[in-house]
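Naming convention: chains lettered A, B, ... in sequence-line order (proteins, then strands); numbering from 1 in each chain.
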Amino acid sequence: MTVAAGIGYALLALGPSISLFVSVISKKPFLILTLLSSTLLWLISLIILSGIWRPFLPLSSTTWWPYGILIFTAVAFQEGLRILFWKIYKRLEDTLDAFADRVSKPRLFLTDKMQIALAGGLGHGVAHAVFFCLSLLTPAFGPATAFVDRCSQMPFFLVSAVIALAFVTIHTFSMLIAFNGYAEGNKVDQFFVPIVHLASGMVNIIQRLNKNSSIC
Amino acid sequence: MASKFVYFLSFFIFRLHFALAGQTNLMESVPDLHNSMYKVLDGYPCVRLLNLSGEIGCSNPGREKVLAPIIRFKNANELSQSSAILLSMGEFQNFFKRISNDSTFARNVGGVLVESGAEPQNMLKEFSPARKFPQAEFSPYRSTNYKWNPIGSGIMWNAYNFPVFLLSESGTLTLQEEVVRNEKSKKSYTSVVAEFDLVMQTMKAGTHDSESCLKEETCLPLGGYSVWSSLRPINISSSDHSKPIILTMASMDSASFFRDKSLGAESPISGLIALMAAVDALSHVDGLDKLSKQLVFLVSTGEAWGYLGSRRFLLELDLQSDAVRGLNSSLFEMVVEVGSVGKGFNQGIQNFYAHSTGVSSALNKTLDALKRAQDSLKSDNVTISSASASNPGIPPSSLMAFLKKNSLTSGIVLEDFDTVFSNKFYHSHLDELSNVNSSSIVAAASLIARTLYTLASDTKDLSSSSLTAIKVNVSLVEELMGCLLRCDPGLSCELVKKYISPTDTCPSHYVGVIIDEPTSTPYPPYVGDVSRFLWNFLADRTSIPRENTSPVCSEDCSSKGGVCIGAETDGKGVCVVSTTRYVPAYSTRLKFESGTWTVLPPNSSEPIGILDPIWTESNWNVIGLRVYTIQSAAYDRLVLLGGISITILAYLAILITKSIITKAMKQD
């Protein structure tokens with residue numbers, strides 16, 4: 001597909017994150033640190049999960065319930081991580097506010113808090129996109145293209161780039177919603193995020209195991 | 001308020017995600033993805049061969065791989081761009097005829113893929129890319145437009161500046177899958193392309209004939225190692241070397257359009273197998289020491305490319321070199337050549353023809369011996385007749401090289417045809433096992449064995465019972481056919497593995513190139529599998545056990561005048577006494593000195609040398625064939641545009657959101 005298409009797919013998956021980074025996050029160094037640490041935390045969570053699940057692999061591809069349990073535990077672990085992230089953030093917020101009081105500068109505004117949440121979510125999203133889409137993109141820079149039987153209208157790389165884009169958006173906004181929910185004590189928001197995360201994971205499984213469905 | 005806005009946006013995104021989730025990676029890793037995108041096709045190439053005046057064969061036109069969309073020949077009336085033509089064997093001849101007639105069509109041919117089909121209705125009845133009179137320039141008679149091979153089209157003797165590949169069965173299936181998949185998807189922006197990697201070094205270096213390419217070291221000369229053996233070992237030290245010699249020969253190499261698929265089952269391997277079976281039958285006869293004549297067997301290689309083996313053998317005889325120590329060419333009384341003998345079976349009778357040359361008492365004696373052998377085989381319905389007098393002379397055979405050297409040589413070529421080749425697939429990749437009949441080879445072997453015994457023994461010792469005692473081992477013939485003409489068991493068959501460890505299972509009888517310096521004691525990995533097997537087989541059959549020493553091979557085997565059979569096998573071999581030697585087979589006009597080959601001017605002592613085209617084969621780096629689907633350039637650019645526009649739109653959206661939020665904050 002050549003270099004042009006390869007760059008196109010990479011931009012499709014990560015373009016909005018790059019724009020977000022350039023316009024919002026790069027302005028404040030603290031946000032860059034938040035982004036990097038949330039990326040790291042997300043990857044560590046995946047490594048720990050894979051370590052826990054290693055003895056049970058490979059899963060049989062005919063039954064659906066082992067995959068269901070896998071997704072459930074993965075989502076639960078990551079939501080737990082989000083709550084941990086929130087707790088660390090809360091402690092950080094108190095420290096920063098105390099420091100601001102000491103040097104007579106203003107405290108964190110709502111926009112600042114939302115930006116920190118945004119950076120955290122973007123970190124998760126970028127990690128997902130890089131490891132699940134960009135890593136597959138190397139063959140896309142060569143002359144050939146690939147089509148998968150289950151969606152033969154679009155090239156495989158296009159499909160994976162669009163999905164990566166969707167995941168970036170989900171991760172970014174879910175962090176935002178979750179932090180908002182925890183801050184205001186809004187139970188609806190607090191449960192909205194894990195439920196959506198779990199649902200999207202389960203849809204993944206159903207689509208994978210139901211051979212007749214086309215996903216295009 | 002802001003959170004509500006965010007809420008709304010995220011809901012929309014989640015819906016999108018639901019729609020797309022489910023695409024999972026079906027591969028385990030990126031290399032798997034790469035392998036499923038680029039399919040490597042298994043095939044046999046046609047390579048570039050050069051001679052003194054030019055080149056033949058196929059090659060990529062430059063230094064790069066050739067990329068061309070695949071189109072079937074029956075859909076290719078007009079070619080708008082450089083394309084890869086997909087042919088079946090039935091269309092092969094028509095295609096090349098069109099190439100030679102229509103230059104606009106030929107200009108747009110980027111590469112050729114030939115399918116190998118297994119359906120019987122597509123089976124060709126006859127196909128030969130060789131000339132109508134193969135190697136006519138070496139014939140001792142003038143009528144060089146006699147058509148020994150009337151169906152020969154001469155396709156393999158032209159030069160083509162595009163790559164040609166013959167696909168194997170698995171390659172054909174893979175290609176069909178790709179093409180059918182592309183046709184079913186009906187997308188206008190994708191096409192299936194073939195990527196040919198057949199870059200020949202002579203094409204890169206610009207050396208287009210043998211002399212220049214040998215000087216630049218971009219090619220190597222064709223050649224190999226012939227094997228000769230004497231039925232009772234010749235005692236070198238004894239002074240009595242006056243026994244007349246009867247030389248029986250066969251050749252072991254064939255040629256075809258596709259380098260690695262030249263089995264040559266009928267021409268010449270059927271003759272080789274008959275010779276081997278005859279040697280085996282004779283080795284079991286009592287009283288071989290009392291024969292009045294010396295029986296020498298020669299299997300030469302390179303015969304399809306200017307009779308390299310025979311000519312070099314004759315030259316070595318003149319030079320009295322190490323390779324032919326013990327042979328005196330003046331003692332050659334008779335030369336018997338075994339040609340194609342696999343198709344003699346016709347309505348219950350095995351018919352063979354003796355093409356003879358020269359007039360001498362030895363020749364008459366041989367013809368009588370043949371008649372005697374025929375009579376002894378009456379129960380097997382074997383007949384041998386002299387060839388028709390309307391033939392201009394002997395058919396293309398190694399005997400022609402002997403006649404050019406000494407026109408008074410008496411010789412006979414034993415063939416299964418009279419006036420034209422019975423082999424309908426001469427020098428083609430279709431000359432394989434199904435083209436020969438084992439009973440015909442057995443009959444020929446019996447004829448040869450009994451004739452040689454009659455010729456070599458004194459008449460008073462000869463009785464009809466001693467003749468009928470000479471029986472050819474039918475299972476040996478069938479085993480040899482399985483080893484030399486099939487991929488399964490191929491060269492991993494037990495008979496071959498008893499003597500050598502083969503490098504390849506599938507046998508191929510293309511002569512190959514000479515690696516490094518040609519000597520009479522070559523380094524075994526530089527000698528082809530078939531030559532090594534023949535050496536060991538003949539040495540085993542013509543040997544006498546060593547006395548006074550253990551049969552296991554060790555250093556003192558050769559110092560005491562013995563040779564080691566089966567030295568490559570795990571048992572480390574057996575030491576026997578046998579006169580079996582390798583003779584290098586390469587053009588008499590080439591000389592290897594200090595690491596390079598030089599072309600010698602024609603020598604007056606070998607008048608045939610001036611006719612030698614001096615065949616060489618170009619070097620190459622890798623040869624490969626891949627097929628994959630590509631997108632049109634317009635689609636690629638569309639994707640790039642999409643990616644850039646999404647990035648810019650996102651940027652703008654973020655800026656707008658930021659300004660809305662700032663305004664909202666200001667209002668609070």
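One distance of note links CZ of A/Phe147 with CD of B/Gln631; it measures 5.5 Å at 0.5 Å rounding. Note that the OH atom of B/Tyr635 and the OG1 atom of A/Thr145 stand 7.5 Å from one another [nearest 0.5 Å]. Distance OG1/B/Thr657 to CG/A/Leu20: 9.5 Å, rounded to 0.5 Å. Atoms CD1 and OG1, on A/Ile18 and B/Thr647 in that order, are 6.0 Å from each other to the nearest 0.5 Å. Atom-to-atom distance recorded for A/Leu136:CG and B/His34:NE2 is 14.0 Å, nearest 0.5 angstrom.
Side-chain contact between B/Tyr189 and A/Pro155 is present, with heavy atoms from C-beta onward closer than 4.5 Å. Residues B/Tyr651 and A/Pro16 are not in side-chain contact: their nearest non-hydrogen atoms beyond the backbone lie 4.5 Å or more apart.
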If you look only at distance, which donor and acceptor atoms sit under 3.5 Å apart when one is on a side chain in residues 57-72 of chain B and the other is two or more places apart or in another chain?
from	atom 1	to	atom 2	distance (Å)
B/Asn60	ND2	B/Glu64	O	3.0
B/Asn60	ND2	B/Phe196	O	3.2
B/Arg63	NH2	B/Lys204	O	3.2
B/Arg72	NH2	B/Gln176	OE1	3.0

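Atom NZ of A/Lys90 sits in a crowded spot, with more than 12 heavy atoms from other residues, nucleotides or ligands closer than 6.0 Å. Other residues, nucleotides and ligands place more than 12 heavy atoms under 6.0 Å from the CZ atom of B/Phe105.
By the side chain to side chain contact (heavy atoms under 4.5 Å, CB included) test, A/Ser26 is found to be paired with A/Phe21, residues two or more places apart in sequence or in another chain being considered.
Of the two parts of B/Thr662, neither the backbone nor the side chain holds a non-hydrogen atom closer than 4.5 Å to a non-hydrogen atom of chain A. For A/Leu158, the part lying near chain B is the side chain, with the backbone staying farther off; criterion is any non-hydrogen pair under 4.5 Å. Looking at A/Ser17, there are no atoms closer than 4.5 Å to chain B (heavy atoms on both sides), in backbone or side chain.
In terms of heavy-atom pairs under 4.5 Å with chain B, the best-connected choice from A/Ala10, A/Ala161, A/Gly8, A/Ser19 is A/Ser19.
B/Tyr38 and A/Ala144 get closest at one heavy-atom pair: OH-N, 3.3 Å. For B/Asp636 against A/Ala5, the heavy-atom pair with the smallest separation is OD1-CB, 3.4 Å.
In this structure a side-chain-to-backbone donor-acceptor pair under 3.5 Å is present from B/Lys658 to A/Ser23.
Below 4.5 Å, heavy atoms of chain A meet heavy atoms from B/Val639, B/Leu640, B/Gly642, B/Gly643, B/Ile644, B/Ile646, all part of residues 639-646 of chain B. Using non-hydrogen atoms only and a strict 4.5 Å limit, no part of residues 73-86 of chain B faces chain A.
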